[in-house]
Amino acid sequence: MERIEEKLSILADAAKYDVSCSSSGSNRKNKNKGLGDTGAGICHTYTEDGRCVSLLKILLTNFCIYDCAYCVTRKSNDIKRVSFTVQEVVDLTINFYRRNYIEGLFLSSGIFKNADYTMERLVRIAKKLRQEHHFNGYIHLKTIPGASDELIHEAGLYADRLSVNIEIPTESGLKLLAPEKNRQDMVKPMEYLRNKITELGEEKRIFKKTPIFAPAGQSTQMIIGASGETDEQIVFMAQRLYRDFSLKRVYYSGYVPVSCDNRLPNIGSAVPLVRENRLYQTDWLMRFYGFQADELVNRQYPLLELDIDPKLSWALRNLSCFPIDVNRAALHLILRIPGVGVRSAQQIIMARQYGALDMEQLKKIGVSINRAKYFIICRGYKQIYSDQAAHKIKQYILATSQSKYLRRHCQQLNLF
Ligand code: SF4
């Protein structure tokens, strides 16, 4: 028992660097009187509706034949190495589930001998859980780059979500920090999964007996700040991944300095949390607000501003697009107004059918007036800032902003 506890503490700790474990979109029902039931929106910490749920998040092993400089599990790192057996992971999952500790499993791994050897073990765990224990909880499996199509196919039959980590956003960065790896080994399983998810999804609509295949789709993770990449490179890569592989999510993980290596930021350097957050906001703008990558970052503006969010940053660079009349403009234009979220934009469209909206009504709808007032026209209000320079408007907004990220970004020491 002590041995298992020790393995659990080592392999759970090693798994914490992977952030690609939130999930949504899976709806595996408990039809066979088995164990568990995966509802939509399960994730490791908080679901989109704010519920906190938990997954058993572990590595199968922290042995690895590779030596990726940014990874704590790299073979040259002098750490204690342990592995679970297939049965140990199955037993842990079932026991934790029965005790109500977890609602699912997130399983990744270092690479034992080769990709197939490792992937085969991951698949066996998922298969045992589903077929022997009739476990209907959520399962997220990492796909090992270089694993065969047959094993990836089998993984998709048992897991809700599969993910292949891109890790380093640029090819040159990958060559520098993980020279034994190649991008093609990461892209190939993504292509395979995209094709299978579409093909079997379409087949299932016609033949009900077609098995479900990775119902929560695929995701990936990029490490931010390890290889000197610009935000432009990261955001363009994310756009490509969504477009080419129909990914459900791209996760951004600020690099935590774990290696003393002159190719990497020094141990003790700050984790780029604000940058990570701005990238998530950019991702949101591309997925839900209709922005293209090159509107948010480009050759002229390769870095995201850290003190303001990317939508405000875009608006200040494009003041000629404003003011927007919220009582007349189309939805796609209303979505561009800083301080207006997707829900508020939809409510504006609904509410204005019954009469022109004024500031008070916009406030009730949930519009952040502090920001929006510089960019809109509404009943009884015409913005008076059109002749102001962008940097002035930015100053006004920052002066009244309550953003926690602004506080974090502040360089001034706070002594009291
Ligand atoms: S292959 Fe994966 S686990 Fe192994 S060193 Fe590289 S990133 Fe770490």
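The basis for the numbers below is simple: all heavy atoms, side chains too, and nothing from hydrogens, waters or symmetry mates. As the structure is a computational prediction, the values presented were derived from the model and not from experiment. First listed ligand is number 1; within each ligand, the first listed atom is number 1.
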key: Per-residue contact class, C64 against ligand 1 - non-hydrogen pairs under 4.0 Å   =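 Under 4.0 Å from ligand 1, C64 contributes side-chain atoms alone.
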
message = For D91 and Q87: C-alpha separation, side-chain torsions, deciding distance, then whether side-chain hydrogen bond (donor to acceptor under 3.5 Å, both in side chains) applies.
response = CA-CA 6 Å; D91 291 345; Q87 194 57 45; 2.9 Å; yes

query = Picking from K394, E305, R278, what satisfies side-chain hydrogen bond (donor to acceptor under 3.5 Å, both in side chains) with S313?
reply =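 That would be E305; it is the only one of K394, E305, R278 passing the side-chain hydrogen bond (donor to acceptor under 3.5 Å, both in side chains) with S313.
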
Under 4.0 Å from a heavy atom of [X]: give me the atoms of ligand 1 that qualify, with their elements.
X: C71; answer: 3 (S), 5 (S), 7 (S), 8 (Fe)
X: K181; answer: 1 (S), 2 (Fe), 6 (Fe), 7 (S)
X: R74; answer: 5 (S)

query = Would E229 and S227 count as having a side-chain donor-acceptor pair, cut-off 3.5 Å?
reply =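 A donor-acceptor contact under 3.5 Å links the two side chains.
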
task = Before accepting this row, confirm whether a basic side-chain N of the pair E295/R336 lies closer than 4.0 Å to the acidic partner's carboxylate O.
result =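 Yes.
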
inquiry  = Among all protein heavy atoms in this structure, tell me which lies nearest to atom 6 (Fe) of ligand 1, with the distance rounded to 0.1 Å.
reply    =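 Going by distance alone, atom 6 (Fe) of ligand 1 is nearest to C68 SG, 2.3 Å.
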
query = Should the pair R98 and F96 be classed as cation-pi, given the thresholds of under 6.0 Å to the six-membered ring centre and 45° from the axis?
reply =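 No.
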
